[in-house]
Structure formats: structure tokens, C-alpha cells
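The structure appears below as C-alpha cells.
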Amino acid sequence: MTEASPANTETRGTLLVVDGHSLAFRAFFALPVENFSTDAGQATNAVWGFATMLSQVIDAEQPDHLAVAFDVKGGTFRNQLLPQYKGTREAAPEELLTQLPLIQQMLAALGVTYIEKPGYEGDDVIGTLATMGADANYRTLVLSGDRDAFQLIDDRITVLYPGHHFKDLKHMTPEAVEEKYHVTPAQYPDLAALRGETADNIPGVPGVGDGFAAKWINQYGGLDGIIEHADEIKGKKGEALRDNLEQVKLNRKVNALVRNLDLGVSIDDLTFGKPDANAVDALFKTLEFGVRSRSKILKSFNGGVKPALSPQGTDAARNADQPDEQALPLPELTVCADAAQIGQWVDANLADPWQQGMANNANDVAAQAGAGTWTLLAQGDPKPGRSTLDNVTVMAAGRALLIKTPFDEPTKHALAALLDEHHGTLAVHGYKEHLHLLGVAGLHLPEPKFDTKLAGYLVHPDFHADTLEQAAAHFLDLHVEDKKPQVTQGLLDLGDDNAGDEEPRENPNELTATRIAIVRALADTLAPMLEQRSQSHLLADIELPVSRVLHGMEDAGAKVDEQRLDTMREQFSADARQAQEMAWDLAGSRVNLQSPKQLQQVLFEDMGLKATKRTKSGSYTTNASVLQDLYVKYANDERASGFLGALLRHRETNKLKQIVQTLIDATNPKDGRIHTTFEQTVAATGRLSSVDPNLQNIPNRNAAGREIRSAFVPGEGYASLLSCDYSQVELRIMADRSGDEALIEAFRSGADFHRYVASLVYGVPVDQITSDQRSHVKAMSYGLAYGLSTYGLAQQLKISPSHADELKAKYFATFGKVHDYLESLVADARAKGYTETMFGRRRYFPALSSTNRVAREAAERAALNAPIQGSAADIMKIAMIRADRALREAGVNSRIILQIHDELVVEVAPGEAEQVTGLVADAMEHAVDLSVPLDVSTGIGDDWQLAAH
DNA sequence: GTTGTGACGTA
DNA sequence: CGTACGTCACAACC
């Protein structure tokens, strides 16, 4: 049950050994020198980068001992063997070399030991320190971008090897080395000797890479064996090997690290955590590092010496590799060999009464609360329309079975049967994602019993767990290593090409066992919480069913007319270019119109326009509303108004161009459709959101932008698009919840709603309401649910605050119960700590009791809005489930493809228009029963724009 | 290389 | 100084 991790065998602490040169190089090339130099011209990018990167690693690994190794100028014994050795490194830029002493100075001030040994390299110092650490029973980490360090790896020594992004350090354990190179760490130098090392200017055997080297090593046991049998190796590569044997032998001598130098220090000397604040301060001042960054860095280096025992139980077990005090029961994991084993495994587990009994006892409470007893974990990338599947694991009664892709037919059938039989008791983390993943293998997952991702969202809707591990940390206080997200739909990987082979791998099976155990633990924890809060029905009746509908929508995608998009892009692009030319002409310089900073310079300094509003960071805003005001104000100044006009036009057309471009880029070449991802656990109010791309913010307010909607068309086999949207749902919810007779009557009357309300507010007959009066009342109505202020209303309507105040007073005099209702929302939230929608969806507002007025008032507005926006979201989700079911039960081919908060877009099959319009409108209108009707307006057309009504 | 900011699209 | 989102491009980091 316990893992065989080295950290488990009593260690005395953690030693971090850093390859100083490697880190300095990395820092230097990661940060542009131009941006990091003092007034005097001293480059500081490597110093700064070194400090931040090292502090990152310290924060992540929490070592209690630390040493940094450096090379010394002048040759080493290696140069005598191999004159060109590290010739490339000597060519380090001057600007980096001058920073090395500064880095050492900084380390000294920070209280960090650094070591160099004349005649030897930093690598040898590292080898020696690591050996010392391991011998003294320390968990030893070596931070180095030099692969020579891999030879040090064993049960006690792990190399932290930076990847493409420095942040994702790979923990190179023996397993990870074997996984990647197919040789043991001890054999790694043999492999490197054969392959050579370009970074160190060491030639290998021409034509021989990692693959062949590993093959030979495994065949002959190592380099000695290879040399012995060199004559037996056939082919070109064998010949090349024989021609270069001397070089290889030399390489091997050179790449062997010395591990027993006399450094004159002992491990006990390598503690840290007592920086010399004055020295650090002085140095950072001369380097012109800001005060804020200074304290940020100091913090990491202060923590080196930890108190023997932390009084707080929660933070005590932060150390990543230490097993947590809350033990996670890992399953006994079997890797599935063939399809027959699936059936056997199921039989064995179900037939074993002892195991069954154990499991039932352990899970009794949770099972009753609805957590289920089976657990499923599919791993891969669940991107709609292009997902990939790595493996599937099922778990029951403390045993797990891991099934790797590709599946053969019998395996598929066995798995399908298993899912079919047990879905009703299953827990997963992300039903929708699992539908995408399993869909790759042609499998369907019927609705599971429990979803830990959705449950976590219901319990704490404004907490965002991007990974399963983060959810574990939050809900279980279980801190396991957070490897890269595998189950979440990340925007992280840019293409799958090289993501695969650079993966951090500590025993992948162990990782899988941990992950599925987390899902189980989350289910057992969250199910009773939902039950206790009477939210289980939200999961079972809304979120889980809607996941399935969303999967269908994402999988279907939205067909776009690519030619039309291309044409539009060209048009917008040309318009933007023209506007830019004009702006440049009038400005007299080629300002970057997309740079607020440069615009501020031109507008408020060069042209001397009067700046008014500031941004939150204190600079003058150049947003559209300010530009518009200036445009009016400087109408007589030809140059200024011309520039402002051109700038506004550029802003608009360039934005449209950008939107069209992202749509083009997001179109799947296989089907010409855009498969967005609807995020079901992101918006704190219960709404959905749409990403990659966002199809919920396609322009709709002005004609030029709305044109983009005409590129959304029915796909092959479909005849038209249907758009159905709720009118004024949020206001109707307010009418219902408040019980305000006047507002209810306004909706029941079926009249022009805003005109009707205006006539009540102003006490004027309906036919005498002016368009101003109507629009003012309309803005007021809509603003209600946002907690608008007098000031905000005045600003939006461009009326005086006193006038706005008057409007507000009149409005609330007319609809008194609405006013009381809104106040009660905030008061209830303050009393209970949370708000609740019509269906029991909660959102917590700790900031309501904040002493900070700005924060508190913001929380009040959000608390006022959440139950209203959230109830509308609940209603739409119910409508989607109903509409989807109605369409399926009617046996039509039409399908929902998009949701934009209060609108559904349906792709309609030939001949189904009338029937489908009726079904969807009905599903929406009768999603819930309110004291006011839920009006739905519908439209149908050859594209999304034409479907508007 | 990472992070924050400003601007702006939607309901 | 009105809620809820996502995306882009720039600039800073010193």
C-alpha cells in the first residue's frame, strides 16, 4: 500500500545542489539583456533571473540544505584530455561573464554556500556534494540543465532538469531516465559517450543517437562490452563505431564526474536561511532591483531553516515528497494485458467477499450519500473534436485495472460492457471530459453516479482547480506532487508533437494509482457535503445531464463558411490598415495604435489633449468612451478629431479582424467546424463560459460586427440555423421572486415591456412615452440586477446624477417590492454568508464583512447579482436538458450547437424547421413555472445572422 | 520566460 | 463609481 519512494525511508532532510553555471546561462538567455541593466550599463538579467528561478525551486522543494557549484576559470583535467572540451561554453558573452561575480556576491549575501574547486568543474563539485548528501541520508536534489548529472541519479538523488519552460522542472528519477533513454542512470555516461554532446563540443559516433546507443548498451551490458564486441556490430553504424572507438573512450573518461573531491565542507555547513539583510539591500540597490522584488526573493531564502515543529497542522506537511499525514489509500494496480483479463478482474473482485465487505464498509456512508463505489479515470487530452486517449483505469474495492491504448476490439467490448453495467455506481472527475476521451475509442459513458469536478464546483464555485491535484489540495488538504494537468482541457500544450517525449515521468503507473485514488477520496468527501447542503439534486438533475448535452454540442461544433471568413478578414484588415495610415499621417509618426502607452504619449503629450479618466494603475485611459468624448470636444481641431476618428475606426476594425482571425485559426480542417469548449465549472454564478475559442462573445451590437455571425452556417445534411432566446429572463426572475404585483402585471400584459414600465414610472399613458423615457427606464431595469449606482446610471445615460437619482426613486416607488427583494438578497447573504439561486446553487461572499469599503461594496453588488444571474443560468440549463431530450425523443436530426447564456442555436435538418422550433421553444418556455410567463423569441435562417429576430 | 494591464467582445 | 466571462497585444520584470 505504501509506495517505495525514497522519501519514505527515513531521510534527514533535503539537500539542494545547484549547477550555478547552468542556471546562470538559462537565466541569461531567458531574459532580454536590454530590459535588465543598470543606468551605468551593467547587465543584470542573469542575476535577476538566477535569483527568481532559484527562489522558485526553493519554494517548490523546501530544501533545508543548499549549495551552489561553480566552474573556475582556467582549464581542468578534462581539457588536457580533450582540448576542445566545452569550447562552446568559453564563448559565453561578455555580458554574462561579468554577472557571474555578482551572482556569487548575491549568494554570499543571501547566506547561501557556493563552492568552486580549481582544476575541477562545477560538475565534479556537484557530484561530490550529491554523493555526500546521499551518503548522509538526505533526499538530494540536483538542479542542472546539464545531462551529465544524470549519472548521479539513484534512489536518493533526483536531478531537476528544466524543460522548455523553466517552471516545469522534470524530476529525473531512475525510472524517468530509463523511461526516456532506456538505460540506467549508471549507464547514461556510456550512452552520452557514444552519442556525443554538442553543447560541450564533444563529438560522438557519427550517425549514432540515443536509440542505437541504448540498443548496444542493453545488448552488451555497457560500454566495456560494446568495445569488447565492437567487431560483431554490423553495418555502417558498426563501422562508424570502430572508427571512433578512441574518441568514445576519451569521451567516457571526460564525462565521468568526480564524486570524492575534498571540498572542505560538510553537509552541516550547507544550511541556509539567514541572509544578511544589509548586504542584500546594498547589493540589490546597486543592481537597481526594486524594493518589491527584493522582499519577494528574500522571502524564499529566509525559509531555509524551518522550525522543528509547526504548530499549524495544515501547513506542516507541505513538503512535496513527504507522505501526508492524511494517508491516501492507493489501490492495488494491475496493468491489463488483454481483454480476457478485464472479465477475470471483474469476476475476481466481485467474487471476493472479503474485499467486497471491506469496500462496502469503508464506503458505506459515502455510498449512501451518492458517491458511488466504482471509480473511473480516463487520461488523455479531452479537446472537443481532436481529443486523444492515453489510458483508462477502473477501480473498485481497493483494486484498480489500468488499460492502455490502443484498444483492440475485444478490449473495447469488455470495457463497454463494464461501463454499461456499472455506470450507475461510478464516480468520475469530469463527465464531459470523459465523454470526449472515451469517444476517441468509440466508447460511450452513460451518466455516472457522481462527478467530483462538478461536485467541487457546486461546493465552492469560485475556487478554480485546474488539476485533479489542486482539487485534492483544496478539498482534502492532500498535497501530492502536481504534475502537468492531464485530465483538464488545458490551453497549455501548443501542439502535441513534442509534448509526448519530454513528459516528466515518475513511475506513470504510480501516478495513475494516485490520481484515481484522489478521485475516490474526493467523491467520498464531496458527496456527503452536497447531501448535507441539499445540493445533490443540482448535480444529479442539472449538472450531470447538462454535461452530456454540452458534450454533444462540443462534439458537433458549429460549421463556418471559411471562404466568407477569409473575405471578411481581408475586408476588416484593409479597413484597419486604411485607418492606421490616416492616423499615422495625422500623428506624424508611426505610433503603434495597439499600444495604450504610445497612444497616451501622442494624445496627451504630443497633441496636448486634455486627459480625464485614469486607469486603475494611474495612467490616463485611452478607452473608446474617452476617445469618443474627446472626438466631440475637439471637433474643431481638424488634426485631433481626425486622428481620434481614425483611431476609433482602427480599434473597431482591427478588433473585428482579430476576432475573425481567431475563428479561422480555430476551424477544424477535418470538418470545417469550430468545436468550442463550454466550461461548466468556471463562472461563479453558475453560467457556462466558452473557450478556445470563445463563441459567446461574437459581435452582435453593431452591423459591421454582426456580419461575422453570417459566417456561421448549417453544415452538410442540415438546412438552416434556429436561434431561440429568452426575453428579459433576469427581470422576470426578479418579478417572480419579489412578488411585485406591478412588475408581474407588466409581464402578463404582453405589452411592449419597457414602454409599459415607463408609463408606470412616469405616470404617463403608454402612447405618450418618449423614446428617451423608454430607453432610460430600460437601462434602469437592466441595471437593477447589477446593483447599479446613481453615478453609473447617470454616466451611462449621460444625464446628471441628480436626474438619475430621481429616476431611481420613481422606479422604486413604482416597484417597491423589487427594491425590498434586492435589499433582502444582500441582507440574507450577509446573515448566511452565501446567496442561493432558485435551485439551491450557492455562492459564498466572505468579503461582505470586509472592513475595506471598496471590497465590501463590490461584494454587495455581486451578492445582489449572483442569485439572479444564477437562477437564469439554472433555468437555461434545465431548458437545454429538456430541449435535447425532446429532440432525441422526437427522433429528429436537428441538434443544439451553441448556448449564449439566454440563447440556444440549433442546427436544423431539412424538413424539421417547424417541428424543431416548437420543441425547443416549448422546452425553454416550460423549463420552470414562474408567476410570469417565460417568453422565448425564435428565428430561423440560412445563417446565424439571418436567424436573428 | 512569465506576469500583469488595458482594451473590448458577449449576456 | 454595474454583474459575469475570454482573448489579444503590449510592456514590464530591472
Side-chain angles (χ1 to χ4, degrees), chain A residues 26-27 29-39 42-45 47-49 51-53 56 162 164-167 284 287-290 292-294 296 462 491 592-600 613 615-617 619 621-627 651-652 654-659 661-662 676-677 679 682-702 705 708 725-726 729-730 779 782-796 801 843 854 857-858 860-866 868-870 872-873 876 899-903:
Chain A
R26 179 77 189 207
F29 290 109
L31 275 46
V33 204
E34 316 84 79
N35 292 357
F36 294 83
S37 39
T38 64
D39 292 339
Q42 168 65 53
T44 57
N45 63 332
V47 187
W48 170 251
T52 50
M53 287 166 165
Q56 269 176 38
H164 186 56
H165 302 273
F166 179 80
K167 256 201 153 169
F284 281 10
L287 295 176
E288 298 173 13
F289 289 3
R292 250 189 27 244
S293 353
R294 253 182 264 175
K296 201 172 86 187
D462 26 25
L491 312 167
N592 183 345
L593 299 181
Q594 287 167 136
S595 162
K597 204 188 159 212
Q598 292 182 36
L599 283 178
Q600 284 155 19
K613 269 178 61 180
T615 65
K616 67 172 171 186
S617 67
S619 58
T621 178
T622 66
N623 67 28
S625 101
V626 163
L627 296 183
R651 278 263 173 86
E652 186 183 343
N654 198 52
K655 176 83 179 178
L656 295 175
K657 182 189 95 174
Q658 175 259 107
I659 291 172
Q661 184 64 55
T662 36
T676 184
T677 298
E679 293 286 359
V682 164
T685 52
R687 274 190 176 183
L688 302 176
S689 77
S690 160
V691 294
D692 201 19
N694 182 355
L695 293 187
Q696 291 181 322
N697 71 343
I698 305 301
N700 197 20
R701 288 185 184 161
N702 59 52
I708 297 177
D725 64 66
Y726 281 120
V729 239
E730 300 190 350
Y782 277 116
L784 282 182
Y786 299 149
L788 56 23
S789 64
T790 306
Y791 180 92
L793 186 64
Q795 179 118 339
Q796 197 198 312
R843 184 174 172 193
V854 179
E857 289 180 348
E860 287 170 355
R861 291 189 298 271
L864 181 148
N865 171 262
I868 300 168
Q869 190 184 118
M876 180 50 114
Q899 186 252 48
I900 306 96
H901 308 305
D902 65 0
E903 173 187 8

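Residue numbers begin at 1 in each chain, while the letters A, B, ... track the order of the sequences. The model shown is predicted, which means the values in this text are computed figures rather than measured ones.
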Any base atoms under 4.0 Å from A/T622, or only sugar-phosphate, or nothing? Heavy atoms, all strands.
sugar-phosphate
Mind checking if A/T52 touches a base, just sugar-phosphate, or nothing, with heavy atoms under 4.0 Å?
nothing
Please check if the side chain of A/T621 supplies one atom and the backbone of A/T615 the other of a donor-acceptor pair under 3.5 Å.
no
Which residues share a salt bridge (charged side-chain N to carboxylate O under 4.0 Å, His left out) with A/R861, sequence neighbours left out:
none
Quick one: list whatever passes salt bridge (charged side-chain N to carboxylate O under 4.0 Å, His left out) with A/E652, sequence neighbours left out.
none
Which residues share a ring pair (Phe, Tyr, Trp, His ring centres under 6.0 Å) with A/F284, sequence neighbours left out
A/F289
Do you know the tightest heavy-atom contact between A/T38 and A/E288?
CA-OE1, 3.3 Å
At under 4.0 Å between heavy atoms, what does A/Q869 touch on the DNA or RNA strands: base, sugar-phosphate, or nothing?
base
For A/V854, which contact category applies under a 4.0 Å heavy-atom criterion: base, sugar-phosphate, or nothing?
nothing
Report yes if at least one side-chain N or O of A/T685 is closer than 4.0 Å to OP1 or OP2 of C/dT3; otherwise report no.
no
Just call it for A/A872: base, sugar-phosphate, or nothing, with non-hydrogen atoms closer than 4.0 Å on any strand.
nothing
Under 4.0 angstrom, heavy atoms only, what part of the nucleic acid is A/L287 near: base, sugar-phosphate, or nothing?
sugar-phosphate
Quick one: list whatever passes salt bridge (charged side-chain N to carboxylate O under 4.0 Å, His left out) with A/R687, sequence neighbours left out.
A/E730
Donor-acceptor check, side chain of A/Q598 to backbone of A/L593, threshold 3.5 angstrom: yes or no?
no
Report the distance from atom CH2 of A/W48 to atom P of C/dA12, rounded to the nearest whole Å.
15 Å
What's A/Q598 touching, base or sugar-phosphate or nothing? Going by heavy atoms closer than 4.0 Å.
sugar-phosphate
Tell me what A/R701 touches on the nucleic acid: a base, only sugar-phosphate, or nothing, going by heavy atoms under 4.0 Å.
base
With sugar-phosphate meaning primed atoms plus P, OP1 and OP2, does A/A684 contact a base, only sugar-phosphate, or nothing at under 4.0 Å between heavy atoms?
sugar-phosphate
DNA chain B: 5'-most and 3'-most nucleotides touching chain A, 4.0 angstrom heavy-atom criterion:
B/dG1 to B/dA11
So what does A/K597 hit on the nucleic acid, given a heavy-atom distance under 4.0 Å: a base, only sugar-phosphate, or nothing?
sugar-phosphate
OP1 or OP2 of C/dC10 sitting under 4.0 Å from any side-chain N/O of A/N592?
yes
Let me know the distance between CG of A/L788 and C1' of C/dA4, rounded to the nearest Å.
15 Å
Answer yes or no: does a side-chain N or O of A/R843 lie under 4.0 Å from OP1 or OP2 of C/dA4?
yes
Whole angstrom is fine here: how far is it from CG in A/D692 over to P in C/dC5?
18 Å
Heavy atoms only, 4.0 Å cut-off, all strands: where does A/G783 land among base, sugar-phosphate and nothing?
base
Whole-angstrom distance between B/dT5 and C/dC1, as gauged at atom P
15 Å
Which residues share a ring pair (Phe, Tyr, Trp, His ring centres under 6.0 Å) with A/Y782, sequence neighbours left out:
A/H754
Shortest non-hydrogen contact from A/D902 to A/M876?
C-CE, 3.3 Å
Base, sugar-phosphate alone, or nothing: which one does A/I698 contact when heavy atoms must sit under 4.0 Å apart?
sugar-phosphate
Return yes if the base of C/dG6 and the side-chain atoms of A/E679 contain a donor-acceptor N/O pair under 3.5 Å, otherwise no.
no
Atom CD of A/E730 and atom C1' of C/dG2 are separated, to the nearest Å, by 12 Å
Whole-Å distance between C/dC5 P and A/L695 CG?
18 Å
Check the distance between C/dA9's C1' and A/Q600's CD and give it to me in whole angstrom.
15 Å
Counting the atoms with a prime plus P, OP1 and OP2 as sugar-phosphate, which does A/A683 contact under 4.0 Å by heavy atoms, base, sugar-phosphate, or nothing?
sugar-phosphate
Please report, rounded to the nearest Å, how far the P atom of C/dG2 is from the OH atom of A/Y791.
8 Å
Nearest to side-chain heavy atoms of A/R687, which nucleotide of C/dA4, C/dA11, C/dG2
C/dA4
Heavy atoms only, 4.0 Å cut-off, all strands: where does A/N35 land among base, sugar-phosphate and nothing?
base
May I have the distance from A/F284 (atom CZ) to C/dC13 (atom C1'), rounded to whole angstrom?
14 Å
